[in-house]
Amino acid sequence: MQGNKKILAIISGMMLLFLVTIIVILVINFRESSQKKEFDKAKTIASLVKDGLTAHMESETMNKRELFLKNIKKSSKAKYVQVFRSDKVVKLFGKGFKNETLRDTIDDNVIKSGKTKILLNEDLAHPTLRVTIPYIAKSSSSPNCLRCHTNAKEGDVLGGITMVFDMESIRVSDTISILKIMGISLLFIIIFIFITNRLLTPHVSALVYIKESLKKASQGDYSSRIKINGDVESAEAFKWLNTLFEKLEQTINSIEKNISLFVSDRKQEFGDPLEKAQYAIENLASIYRFKRTIEQDISKEVIYDRLVQIFKNELKIADISLYEVDIKKDTRVLIHDDTPEKLCEIADTQTSIRCRAYRTNSIIASDDFENICQSCKTNKEYLCINYQIDDNISLVLNIKPKDKDELFENKKIIGYIRNYLESARPVLQNKILTEILQRSNMIDGLTQLYNRKYLDIFMDTKIKNYKEYSLAMIDIDYFKKVNDTFGHDAGDIVLKGLSDIFKNSIAKDDIAFRFGGEEFLIFLADPEDALKTIQKIKDNFEDKTFNLNGNNLNKTLSAGIAYYNNDSLSPWQIIKFADVAMYEAKNSGRNKIVLYKDIEKDKTNLKNGDEY
C-alpha cells in the first residue's frame with residue numbers, strides 16, 4: 001500500500017503543479033487581456049473626444065464641451081476623463097477651462113514625446129489603469145487639424161487626454177472566473193485520482209507482493225505467493241508468477257535435499273539454498289575433475305600425491321602427514337610428511353591399538369579432550385582423520401595446525417576432505433586390486449617371495465632410489481640330496497621354511513627374491529646391518545628342524561654379500577659379485593657367509609665383465 005500511496009502522491013503533485021501552472025498562465029492572460037480591453041476602450045474614448053471637440057469647434061459651441069466630457073465619462077464608466085492643451089493651442093485659443101491644464105509630469109511627458117503612456121496601479125483595495133493619449137496635428141485628417149491650428153505644423157502635439165479606469169470590478173470578475181476554472185480543475189483532478197487509484201490499487205498491490213516475494217527469494221525463501229487481484233490479464237500474469245515461484249521452490253528444495261551430502265559436513269551455514277547449491281556444484285565440479293584425473297594415473301602413489309596437492313593447494317592446509325595402514329599386517333607407512341616432526345611414530349606398528357583415529361574410525365582433534373590420543377606425544381594441536389579404502393588398506397590423515405584458530409578452520413573442511421577421499425576410494429580400490437594382480441604375477445607361488453620377473457622391474461627402476469645398499473645371494477647346502485632322499489614335497493617344505501625365516505628376519509625396507517631353485521637374493525637397504533641380518537637368517541635356518549616323512553632334518557646355507565656405495569657399477573654387477581661371493585662360500589666348505597670385498601682375487605676383470 002505504501003507503493004500505491006507513493007504513486008498517487010506523485011500523480012497528485014504533478015496534477016497540482018499543472019493546475020498551478022494553468023492558473024498562473026490564466027492570471028497573466030486575464031491581466032493582459034483586461035489591460036488591453038481598457039486600453040482599447042481608452043483609444044476609442046480618445047477618438048470620440050477628439051471628434052466631439054472638433055465638432056464643437058466647428059459649430060462654435062466649445063463653451064459646452066465640459067458637458068460633453070462629463071457624458072463621455074459617465075457612458076464609459078471611467079473614473080476620470082480630462083483633456084489638456086499644449087502651449088501652441090494655449091497661445092492660439094487660450095488656457096481653456098481650469099481642468100484643461102497639464103496635471104502632472106505624465107501629461108508633460110506625453111506633450112513632449114507625443115507617445116501614449118499607460119500606468120497600472122495594482123493597489124489591492126483600489127486598482128486603477130491610467131491611459132494618457134496625445135492628439136497629434138495631421139493635415140490628412142478630416143477635418144484638417146492645421147486649418148484651425150494655424151500656428152502648428154504636421155506632427156505637433158496639440159494636447160492630450162488622460163483617462164483613469166477602475167480595475168476592481170474587472171479584477172473581481174477575473175478572480176471569479178479563475179476560481180471557477182480552478183474549482184472545475186480540482187474536481188477533475190479528484191475524479192482522476194479516484195479513478196486512477198481504483199485502477200492502480202490491484203496492480204500496485206501486486207507489485208508490492210512481487211517485490212516482497214523477490215526480496216524473500218533473494219534471501220532463499222521461495223514460499224511467498226502473490227495475491228491475485230486486478231483484471232483478467234493481470235490475474236493471469238500473477239498466476240504464472242505464482243506457478244514460477246512454486247516450481248522454483250520445489251526445484252530448489254529437491255536440489256537442496258540431493259546436495260546435502262556434499263555440504264552437511266562443512267559446518268557452514270547457507271541462508272540461500274542457491275548459494276548452497278552453487279557451493280555444492282563447485283565442489284562436485286572440482287571433485288569430478290579430480291576423479292577424472294586420477295583415473296588416468298598409473299599407481300596409487302600418484303593418487304596419494306594428488307590428494308596431498310588438493311589438501312595443501314586448494315584447502316590451504318599448511319602441515320599434513322598422510323599414512324597408509326596395512327590392515328592385515330597392522331602397520332602403517334608414511335606416504336607424505338611436511339615436517340620432520342613425528343607426532344605419533346609409535347603407531348607405525350600395532351596401529352590398531354596405538355592410532356586412536358584408526359582404531360575408532362573417527363575424527364580425533366586435540367581440543368576434544370586433554371591428551372585425547374596417548375600416542376601423540378606433543379603439546380601442539382592436531383587433527384586426525386581415518387578413511388578406510390578397502391579390507392586391506394586404510395588412510396590416516398594427520399593435520400598439524402599452528403594454533404587453535406587454525407584447528408577450528410581445519411575442522412570446517414573435514415566434509416570437503418572426506419568428499420575427496422570418497423571420490424578417490426573406487427579409483428584407489430582399482431589401483432590396489434591391479435597391484436595385487438600384478439604382485440600375484442610377480443610372486444613365487446611356493447615361497448610367496450618376489451620372483452625373477454619382479455626382480456627385473458626392481459633392478460631397472462626402484463633400486464635407483466638408493467644411494468647405497470647390499471645384495472646377498474643365498475643357496476641351501478646340499479639341497480639336491482633332500483629332493484633325492486625325501487622327495488620334492490620335502491624339498492618344498494625346506495624352501496618354504498627358509499622363506500618364512502626371511503620374512504621374519506629382514507627389515508621392512510628389505511626385499512627377498514626367489515632367484516631360482518634353491519637360490520635366493522635379498523636386497524638390504526641398510527648396508528651396515530647386512531652382515532648381521534644374513535647371519536641371523538643363517539643361524540635361524542641352521543637351528544630349524546624339519547620333519548620330513550617322520551625324519552628330523554637340519555639344513556645349512558651358504559651366502560655371499562656385495563655392497564653398493566654409489567659408484568659406477570650397475571645393480572646386475574652387484575648381483576654378480578654377491579653370486580661370486582656365495583660360490584666362494586660353497587667352495588670353501590659351505591655353511592658360511594663370504595663378503596665379496598674379502599675375496600682374494602682380481603676384481604678388475606669382474607667389474608669390466610658382462611652383466612649377470
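For this chain, numbers begin at 1 and follow the sequence in order.
Across all non-hydrogen atoms, the minimal contact from Ala318 to Glu406 is CB-OE2, 4.3 Å.
Checked for salt-bridge contact, Lys431 and Asp297 miss the test: no charged N lies under 4.0 Å from a carboxylate O. With salt bridges taken as basic N to acidic carboxylate O contacts below 4.0 Å, one links Glu409 and Lys412.
Leu397 has its side chain out of reach of Tyr323: every pair of non-hydrogen atoms, C-beta onward, lies at least 4.5 Å apart. The side-chain heavy atoms of Phe165 and Lys79, taken from C-beta on, include no pair separated by under 4.5 Å. By the 4.5 Å heavy-atom criterion applied to side chains, Ser86 and Val89 are counted as neighbours. Looking only at side-chain heavy atoms (C-beta outward), Asp156 and Ile136 stay at 4.5 Å or farther from each other. A 4.5 Å side-chain heavy-atom check between Asp319 and Ile399 finds every atom pair outside the cut-off. Side-chain atoms of Leu307 and Phe290, non-hydrogen and from C-beta on, do get closer than 4.5 Å to each other. Side-chain atoms of Arg130 and Ile118, non-hydrogen and from C-beta on, never get closer than 4.5 Å to each other. Residues Val308 and Ile335 are not in side-chain contact: their nearest non-hydrogen atoms beyond the backbone lie 4.5 Å or more apart.
Note that OG1 of Thr128 and CG of Leu119 are 7.0 Å apart. Values are rounded to the nearest 0.5 Å. The structure places CD1 of Ile111 at 8.0 Å from CG of Asp108, a figure rounded to the nearest 0.5 Å. To the nearest 0.5 Å, the span separating CG on Leu395 from CD1 on Ile303 amounts to 10.5 Å. We find the OG-CD1 distance between Ser185 and Ile23 to be 6.0 Å, quoted to the nearest 0.5 Å. Separating the NZ atom in Lys117 from the OG atom in Ser113 is a distance of 5.0 Å, to the nearest 0.5 Å.
Judged by distance alone, with hydrogens and angles left aside, the side-chain atoms of Thr196 form a donor-acceptor pair with the main-chain N or O of Phe192 at under 3.5 Å. At least one donor-acceptor pair closer than 3.5 Å links the side chain of Tyr382 to the backbone N or O of Cys373. Of the possible donor and acceptor atoms, none in the side chain of Arg85 sits under 3.5 Å from a partner among the backbone N and O of Gly159.
Counting heavy-atom neighbours within 6.0 Å of Asn313 CG, excluding the residue itself, gives a total above 12. Counting heavy-atom neighbours within 6.0 Å of Leu187 CG, excluding the residue itself, gives a total above 12.
With Glu381 as the partner, the salt bridge (charged side-chain N to carboxylate O under 4.0 Å, His left out) test is satisfied by one option alone out of Lys400, Lys402, Lys404: Lys404.
When the side chain to side chain donor-acceptor pair (under 3.5 Å) test is applied to Lys77, no partner is found at least two apart in sequence or on another chain. Asp87 pairs by the side-chain contact (heavy atoms from CB on, under 4.5 Å) definition with nothing, not counting sequence neighbours. Shown here are the side-chain contact (heavy atoms from CB on, under 4.5 Å) partners of Ile363, two or more places apart in sequence or in another chain: Leu383, Ile385, Ile414. With sequence neighbours excluded, the residues that form a side chain to side chain donor-acceptor pair (under 3.5 Å) with Asp174 are Ser34.
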Compile the donor-acceptor pairs under 3.5 Å between side chains in residues 9-16 and protein atoms, sequence neighbours left out, one pair per line.
from  : atom 1 : to   : atom 2 : distance (Å)
Ser12 : OG     : Leu8 : O      : 2.7

Would you sort out whether Ser394 and Asn386 count as a side-chain hydrogen bond (donor to acceptor under 3.5 Å, both in side chains), showing the intermediate values? CA-CA 7 Å; Ser394 188; Asn386 178 75; 2.9 Å; yes

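The aromatic rings of Tyr416 and Tyr420 lie tilted to each other, with the angle between the two planes from 30° to 60°.
A side-chain N or O of Tyr80 and one of Arg103 form a donor-acceptor pair less than 3.5 Å apart.
Sorted by first and then second residue, the side chain to side chain donor-acceptor pair (under 3.5 Å) pairs involving residues 160-169 (not counting sequence neighbours) are Asp107-Thr162, Thr132-Thr162.
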